[in-house]
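Some notes on the structure that comes next.
All ligand and atom numbering here is 1-based and tracks the order in the structure.
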Amino acid sequence: MQRLALAATLVLAGAAAASAQTLKTVRDRGKLVCGVSQGLAGFSAHDDKGQWAGFDVDFCRALAAAIFNDPAKVEFVPLAANERFEALVQRRIDVLSRNSTWALERETGAQGVLFAGITYHDGQGFMVARRPAVTSALELDGATVCVQPGTTTEANLRDFFQANGMKLEARPYPTAAEALKAFETGTCDVMTRDMSALYADRLSLPRPADAVILPDVISKEPLGPAVRQDDVAWFNIVKWVGFALVNAEELGISSQTVADAMNSAKPDVRRFVGADGGFGARLGLDPTWAVQAVKAVGNYAEIYERNVGVQSRLGIPRGLNQLWNLGGILYAPPLR
Ligand SMILES: N[C@@H](CCC(=O)N[C@@H](CS)C(=O)NCC(=O)O)C(=O)O
């Protein structure tokens with residue numbers, strides 16, 4: 001009996017040791033491999049210099065900076081909606097940072113992953129042509145709607161039409177680009193996506209002013225990075241890099257002030273910069289892991305404003321993604 005218990009303990013210990021390898025794999029490889037979208041302006045898309053840019057891309061760069069003190073040590077792998085979780089489970093990527101919604105079905109079952117927090121609180125909306133004038137999603141009875149399969153978007157769309165007793169003509173397109181083309185040419189009356197993505201879509205239409213985003217938000221889309229379920233140490237690294245970016249904003253630590261923060265006497269700032277607490281070592285990272293991330297891409301506010309904020313092309317107000325103590329729901333547990 002005792003021997004059996006010992007054997008079981010050894011097997012379990014072996015499994016844990018064998019699985020807790022992602023950080024080592026990343027370090028040995030010399031770069032992080034990050035799954036992103038195939039092109040979603042503001043989140044992950046090529047900029048005019050052909051470089052990956054966006055909110056989700058910056059999260060990957062922050063993670064690379066926390067590990068390597070170098071935000072360039074990332075390879076980006078563009079993934080379609082219906083292959084993203086499989087790519088993660090099959091170890092083709094180390095982390096998925098791709099406008100993905102945290103939902104129960106994605107954390108259970110054979111393709112189950114773990115969401116390492118919420119980096120962007122989104123919700124699903126509808127875009128229609130300006131004419132004929134539609135002002136509410138409840139006027140969409142019988143409409144033809146373009147949507148991408150393998151998304152929460154498709155499921156919410158059906159739920160919304162069913163709950164409101166409306167007839168739906170859903171047109172699935174394998175990529176977001178094809179769905180938008182169909183909307184543009186009038187094959188669909190309506191385009192549905194996460195609100196943030198609709199802002200991006202509208203901008204890429206030949207005449208953005210001809211399309212209107214309806215005010216209705218029909219779902220919760222808590223977007224965040226996902227990892228595999230077999231490596232708690234890695235899960236913690238990804239999760240706490242996200243929390244560090246938010247805590248940096250809350251503490252007033254930005255890419256501009258982070259060097260000064262190194263000399264601060266404030267206890268919470270000292271923990272952030274690695275002078276106290278030893279949290280870098282606990283995560284398996286450098287003492288200055290959080291400083292490295294902020295130096296590379298800025299704090300949450302800087303990342304948000306640069307990529308999607310009101311001064312950016314997308315022009316999305318902070319809204320729910322404002323800090324909890326400034327009227328939003330962005331809330332990170334403390335670094336202590
Ligand atoms: N947040 C939703 C939607 C994510 C999603 O993949 N949306 C599609 C459009 S509805 C998209 O952004 N596609 C971009 C691409 O295929 O690269 C989810 O996690 O299912």
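Ligand 1 has at least one atom lying under 4.0 Å from a heavy atom of Arg84.
Polar contact with ligand 1: present for Asp194 (N/O pair, distance under 3.5 Å). For Thr152, a nitrogen or oxygen atom sits less than 3.5 Å from a nitrogen or oxygen atom of ligand 1, counting backbone and side chain alike. The shortest N or O to N or O distance between Thr192 and ligand 1 is not under 3.5 Å.
Between Asp230 and Arg91 there is a salt bridge, with a side-chain nitrogen of the basic residue lying less than 4.0 Å from a carboxylate oxygen of the acidic one. The pair Glu184-Lys181 meets the salt-bridge criterion, since a charged nitrogen lies less than 4.0 angstrom from a carboxylate oxygen.
The ligand atoms of ligand 1 that sit less than 4.0 angstrom from a heavy atom of Ala81 are 6 (O). Of all the atoms in ligand 1, the ones that sit under 4.0 Å from a non-hydrogen atom of Gly39 are 17 (O). Per-residue contacts place Ser100 under 4.0 angstrom from the following atoms of ligand 1 (heavy atoms of the residue considered): 19 (O). With ligand atoms numbered from 1 in the order given, ligand 1 contributes 1 (N), 2 (C), 18 (C), 19 (O) to contacts under 4.0 Å with heavy atoms of Thr101. Atoms of ligand 1 found under 4.0 Å from any heavy atom of Ala176, numbered from 1 in the order shown, are 13 (N), 14 (C).
Contacts between Arg106 and ligand 1, counted as non-hydrogen atom pairs separated by less than 4.0 Å, involve the side chain only. At a heavy-atom distance under 4.0 Å, only side-chain atoms of Leu223, from C-beta outward, approach ligand 1.
By the 30° and 60° cut-offs, the orientation of the rings of Tyr120 relative to Tyr304 is parallel.
Between Arg171 and Thr187, the side chains place no donor N or O within less than 3.5 Å of an acceptor N or O (distance only, hydrogens not considered). For the 3.5 Å distance criterion, the side chains of Ser219 and Glu221 qualify, holding a donor opposite an acceptor.
Shortest contact from atom 3 (C) of ligand 1 to any protein heavy atom: Thr153 OG1, 3.5 Å. At the top of the distance list for atom 17 (O) of ligand 1, counting protein heavy atoms only, stands Gln38 N, 2.7 Å. Residue, atom and distance of the protein heavy atom nearest to atom 9 (C) of ligand 1 are Gln148 OE1, 2.9 Å. Taking atom 7 (N) of ligand 1 as the reference point, the nearest protein heavy-atom neighbour is Asn99 ND2, 3.7 Å. Here the protein heavy atom with the shortest distance to atom 11 (C) of ligand 1 is Arg193 NH2, 3.1 Å. Among all protein heavy atoms, the one lying closest to atom 15 (C) of ligand 1 is Arg98 NH2, 3.3 Å.
Checked against the 6.0 Å centroid criterion, the rings of Tyr300 and Phe55 qualify as a close aromatic pair.
Residue pairs meeting the disulfide (SG to SG under 2.5 Å) criterion with at least one member in residues 171-284, sequence neighbours excluded, are Cys146-Cys188.
Of the candidates Leu157, Val217, Val134, Phe126 forms a side-chain contact (heavy atoms from CB on, under 4.5 Å) with just one, namely Leu157. Evaluated for a side-chain hydrogen bond (donor to acceptor under 3.5 Å, both in side chains) with Gln124, the options Asp194, Thr192, Asp216 yield exactly one hit, Thr192.
Counting side-chain heavy-atom gaps under 4.5 Å among Ile, Leu, Val, Met, Phe, Trp and Tyr, the cluster of Val33 also holds Val77, Leu79, Phe85, Leu88, Val89, Ile93, Leu96, Trp102, Val113, Phe115, Ile118.
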